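In this text the structure is predicted, and so the values were computed from the model without any measurement.
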Amino acid sequence: EFEWTYTYTVEVEDFTMPANQGSTIECASAATEPTPPDVYDNCGELITPTGPEEGGTYVDCEGTITYTWTYADCEGNAHDWVYTYTVTRTTSPDEVGGPVSTSSTVACAASAVAPTTLPVVEDVCGNPLSAPTPVKDTSGFDGCEGTITYTYTYVDCALLEFEWTYTYTVEVEDFTMP
């Protein structure tokens with residue numbers, strides 16, 4: 001009796017991964033978990049990835065937020081697929097819109113004091129900005145009449161600015177004679 005054997009050696013070849021993806025956003029809150037792509041092994045079987053693992057360089061305001069999935073086939077061939085959000089502020093608080101500068105008329109320069117109630121100014125992501133120290137400008141005041149302004153420059157975490165100004169117009173009223 002003659003026995004003949006033919007042996008197949010199954011060697012699963014490596015699979016091809018789609019390109020990593022990403023997008024640019026201004027607010028970290030917009031970095032939602034994306035849906036990873038369908039990836040098939042070299043035999044046409046769908047691979048279920050593990051993950052995602054979150055990472056990146058994002059701190060406080062700007063940087064990257066990454067989501068990484070790992071795909072592995074039965075042979076042990078493994079590759080990562082990464083979605084990267086690049087968080088970059090480009091819209092200043094001024095472009096978001098904010099409170100309109102305000103003014104009033106006073107009779108005496110002593111009444112032209114820095115406002116104690118300041119407007120709320122938000123960055124592009126809706127975060128309130130800290131109230132800054134005002135800069136007082138008396139260049140429009142001649143010692144008797146004119147303007148005195150207080151300018152507040154609000155700055156977001158990316159050093160983008162919004163200016164709010166309060167202007168006093170000093171108009172001395174006529175005095176009364178006895």
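- Shortest non-hydrogen contact noted between Arg89 and Cys125 is NH2-SG, 3.4 Å.
- Side-chain atoms of Glu33 and Pro52, non-hydrogen and from C-beta on, do get closer than 4.5 Å to each other.
- Contact detail for Phe141 and Gly146: the closest heavy-atom pair is CD1-N, 3.9 Å.
- The one candidate from Thr66, Asn20, Thr70 that meets the side chain to side chain donor-acceptor pair (under 3.5 Å) condition with Asp80 is Thr70.
- Counting only residues at least two apart or in different chains, side-chain hydrogen bond (donor to acceptor under 3.5 Å, both in side chains) contacts with residues 99-108 comprise Ser104-Tyr166.
- Residues Thr91 and Leu160 fail the side-chain proximity criterion, which asks for heavy atoms closer than 4.5 Å.
- Using a distance-only test at 3.5 Å, with no hydrogens or angles considered, a donor-acceptor pair links the side chain of Trp81 to the main chain of Ala19.
- Between Ala109 and Val170, the shortest heavy-atom contact is N-CG1, 3.8 Å.
- Judged as a disulfide (SG to SG under 2.5 Å), and not counting sequence neighbours, Cys74 has no contacts.
- Side-chain N or O atoms of Glu26 include none that pairs as donor or acceptor with a backbone N or O of Val124 at under 3.5 Å.
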Legend entry - CA sep, side-chain torsions, deciding dist, call: Asp123, Leu129, side-chain contact (heavy atoms from CB on, under 4.5 Å): CA-CA 7 Å; Asp123 66 14; Leu129 301 177; 4.0 Å; yes
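- Annotation: the span from Ile65 atom CD1 to Tyr58 atom OH amounts to 6.5 Å, rounded to 0.5 Å.
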Show me the donor-acceptor pairs within less than 3.5 Å that the side chains of residues 111-119 make with the rest of the protein, sequence neighbours left out.
none

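- Counting only residues at least two apart or on different chains, no salt bridge (charged side-chain N to carboxylate O under 4.0 Å, His left out) pair has a member in residues 48-64.
- The CD atom of Glu171 sits 11.0 Å away from the SG atom of Cys144 when rounded to the nearest 0.5 Å.
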Ignoring hydrogens and angles, write down the donor-acceptor pairs under 3.5 Å from the side chains of residues 41-48, residues two or more places apart or on other chains.
residue: Asp41; atom: OD1; partner: Cys43; partner atom: N; Å: 2.9
residue: Asp41; atom: OD1; partner: Gly44; partner atom: N; Å: 3.0
residue: Asp41; atom: OD1; partner: Glu45; partner atom: N; Å: 2.8

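- For Cys157, the disulfide (SG to SG under 2.5 Å) partners two or more places apart in sequence, or in a different chain, are Cys61.
- Partners of Tyr83 under the side chain to side chain donor-acceptor pair (under 3.5 Å) rule, at least two apart in sequence or in another chain, are Ser23.
- Taking the six-membered ring where tryptophan is involved, the planes of Phe162 and Tyr154 are tilted, since the angle between them lies from 30° to 60°.
- Closest heavy-atom contact between Tyr152 and Pro132: CD2-O, 3.4 Å.
- The side chain to side chain donor-acceptor pair (under 3.5 Å) search around Asp94 returns none, not counting sequence neighbours.
- Side chain of Trp164 to backbone of Val100: a donor-acceptor contact under 3.5 angstrom is found.
- Other residues, nucleotides and ligands contribute only 12 or fewer heavy atoms inside 6.0 Å of the CD atom of Glu173.
- Pairing each heavy atom of Lys136 with each of Tyr150, the nearest pair is CE-OH, 3.4 Å.
- By the side chain to side chain donor-acceptor pair (under 3.5 Å) test, Asp14 is found to be paired with His79, residues two or more places apart in sequence or in another chain being considered.
- Checked against side-chain contact (heavy atoms from CB on, under 4.5 Å), Ser29 has the following partners two or more places apart in sequence or in another chain: Cys27.
- When side chains are defined from C-beta on, Val39 counts as touching Pro18, because their heavy atoms get closer than 4.5 Å.
- In terms of the side chain to side chain donor-acceptor pair (under 3.5 Å) criterion, Asp38 has no residue partners (sequence neighbours excluded).
- By the side-chain contact (heavy atoms from CB on, under 4.5 Å) test, Thr86 pairs with Thr24, Thr64, Thr84, Thr88, sequence neighbours left out.
- The two residues Asp73 and Phe15 have their closest heavy-atom pair at OD2-CD2, 3.5 Å.
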